Enquirer: 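First, the structure itself, so that you have it in front of you.
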Amino acid sequence: MTQDQTILQLLDARVVAALASAGCDGAAAVITPAARPEFGDYQANGVMGAAKARRQNPREMAQSVVAKLDLVGIASKVEIAGPGFINITLDPAFLAARAATALASENLGLPRPAAQRVVIDYSSPNLAKEMHVGHLRSTIIGDALARVLRCLGHDVIAQNHIGDWGTQFGMLTAFLVEVEKGADTQMALADLEDFYRRAKQRMDDDPTFADMAREYVVKLQGGDARVGALWRRFLEVSMHHCEAVYKTLGVGLTRADLRGESSYNAALPGIVADLQTKGLAVTSDGAEVVFLEEFKNKDGEAQAYIVRKQDGGYLYSTTDLAAVRHRVGELHADRVLYVVDQRQGLHFQQLFTLSRRAGYVDDRVSLEHVGFGVMLGEDNRPFKTRSGDTVKLVDLLEEAVERAFVLVSEKNPALAEETRWEIARAVGVGAVKYADLSKNRASDYVFSWASMLAFDGNTAPYLQYAYTRAAKVLRDAGEFAADTPLSLDARVEQVLVLQLLRLADTLNLVARDTAPHHLCAYLFELAVVFSRFYENCPVLKSEGALRASRLQLCQLTARTLKTGLGLLGIATLEVM
RNA sequence: CCGCCCGUAGCUCAAUUGGAUAGAGCAACGGCCUUCUAAGCCGUAGGUUACAGGUUCGAUCCCUGUCGGGCGGACCA
């Protein structure tokens, strides 16, 4: 059983109807949760705007809207305040009934909108190197969005657009041949960063090697079997590194989601030829270039978007054009999300403009660059360690788990060591992910070990802790009548239910704005309200219908926290 | 030179897209464990939302300008 409307949507529909009856056809209701407790539970802000547009007195219009407003069985109080706000307090019996429906539902009563096919391009590491902290954001933001959109009933196709093609693979495969004379492949590639550095060094030191590397690029691109085999071996080892990180992170990407740059290689000449045929690409200084007048260069002329270099090589512009054509033409995407850092904003604007002009994407398809800010160091410069390297993702996660283990052992020394490690993994990795996901993705943010590895306050462990508290109460309660009508007498119980019932609105917001931090904020607020309830409303010590009612609130809270954290890719624990 | 993003409490971040008295966490200070896990709860303090104008019933949000940061801008991605 699912609700066909959230409370917010229900109120919106009712207020819109009332506005229409009051002579404001088409006016928006603008419902939001109440800004302050004394304003009730929800407020409608639309009257002021409607009155302004019609040059009428907003207070009077609010009067006539409220007179037409039918909230029988929904609200216990409707008031007009300030310049024309309509404040709505919901009837506790209505809340209780909605909560009961959510409890009885398999999926917490989440609505299922008309499903879209959504292609999400995320993670997309460069396989020439090891994943570093910079890859964290794309990976976990994309993963969270994929989970949320699937939960809402959309058909999500993940595309891990790995960097598995390009000139550096000539150098790497050539170097692989050299090192294999001495050691075995696994050993040599145990540390990819090191391997890359050594290969680069050879390039700089030895002209003969550099020539060989260039020759290998040509061979690889020409389909040479031997170099191709080396390339595949290298990728295999590199993918294992990535998969280890995905496993630790709890990210759902699999081999089936791989669709690397190399897979578009064969399509690139066709893309350029097609752009030429359509009169979009022209030869300029030996390169194939599309001039887009939407974008001006420094002389105020149409800016160049190069799709083939002078030397005949292709660029990521070409690859991305092939990819978007594939995603829309063959995967039939209604919406394509690119979870790629903000610096590539201009590239995506050009890509989107050109792919529409070339007819690869029609107007019904939404192309969205889900850009995120770069990670900065504490000096506000792009994040690097003291030695100038970036921090490897595996090292960050390992550090987080170890610190969490120390803490778990302090708090709960009686637990078996293996159990403590299990908790430490969920807590440590959860903390890192939450620290990142809880921030607005658009702005740059400062990397700090302290805040990534914090376990108090607005952090994943706080949410996990709230879950274990609810779970423990339920375990200790034993059997209870789970269909007892809810009695929401205490205000804190009403507020808890109100928050519980806002999950669907939150997920809609996350899906619309591609912004997982709204879900973090929601879950934090839920945990705060639950903790307040937990402190003020004894559950196991209460009796009869009240006990059963409170146990159901624990149950709905536990399920909501588990679901919500699950959508962020963060594990919950029965004990911590 | 042009373009995009950003500037909010000491620090790290929010603010449901123009709504009411700008909210959290950390750090600081004070209180609460013979009552379901104190990774918790309650309280105090902390703000001219970079600055100056403008638009209107109302601006952190929109417009103009200034200052300060980050990033892009023909052959890396």
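Keep in mind the model is a prediction, meaning the values are calculated, not measured.
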Enquirer: With sugar-phosphate meaning primed atoms plus P, OP1 and OP2, does A521(A) contact a base, only sugar-phosphate, or nothing at under 4.0 Å between heavy atoms?
Expert: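 Result for A521(A) = nothing.
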
Enquirer: Give C520(A) one of three labels, base, sugar-phosphate or nothing, depending on what nucleic acid heavy atoms sit under 4.0 Å from its own.
Expert: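 Nothing: the residue C520(A), judged by heavy atoms under 4.0 Å, touches no strand.
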
Enquirer: Treat primed atoms plus P, OP1 and OP2 as sugar-phosphate and everything else as base, then score nucleotides 16-31 of chain B 5' to 3': B for base contact with protein heavy atoms under 4.0 Å, S for sugar-phosphate contact only, - for none.
Expert: BB-BBB-SSSS-----

Enquirer: Which whole-number value in Å describes the distance from M576(A) CE to A38(B) P?
Expert: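 My rounded result for the distance is 12 Å.
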
Enquirer: Give one of base, sugar-phosphate or nothing for T167(A), where a contact means two heavy atoms less than 4.0 Å apart.
Expert: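 The answer is nothing, as T167(A) stays clear of every strand by at least 4.0 Å.
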
Enquirer: Which base, if any, makes a Watson-Crick or G-U wobble pair with C62(B), both distances under 3.5 Å?
Expert: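 Pairing partner, where one exists within any strand: G54(B).
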
Enquirer: Can you check the R469(A) CZ to C33(B) P distance for me, whole Å?
Expert: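 Distance, rounded to whole Å: 15 Å.
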
Enquirer: Looking at the angle O4'-C1'-N9-C4 for a purine or O4'-C1'-N1-C2 for a pyrimidine, is U21(B) syn or anti, with syn meaning within 90° of 0?
Expert: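 Anti for U21(B); the angle lies over 90° from 0.
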
Enquirer: Does a salt bridge link E399(A) with R403(A), judged by any charged N lying under 4.0 Å from a carboxylate O?
Expert: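 Yes, charged N to carboxylate O under 4.0 Å.
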
Enquirer: Please give the nucleotide sitting opposite C13(B) as a Watson-Crick or G-U wobble pair, both distances under 3.5 Å, or none.
Expert: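 When the pairing criteria are applied, G23(B) turns out to be the nucleotide that pairs with C13(B).
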
Enquirer: Is there a donor N/O on one and an acceptor N/O on the other, under 3.5 Å, for the side chain of T468(A) and the base of A39(B)?
Expert: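 It does not, because no donor-acceptor pair links the side chain of T468(A) to the base of A39(B) below 3.5 Å.
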
Enquirer: Whole Å only: how far is the CZ atom of F530(A) from the C1' atom of C36(B)?
Expert: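 Rounded to the whole Å, the gap is 9 Å.
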
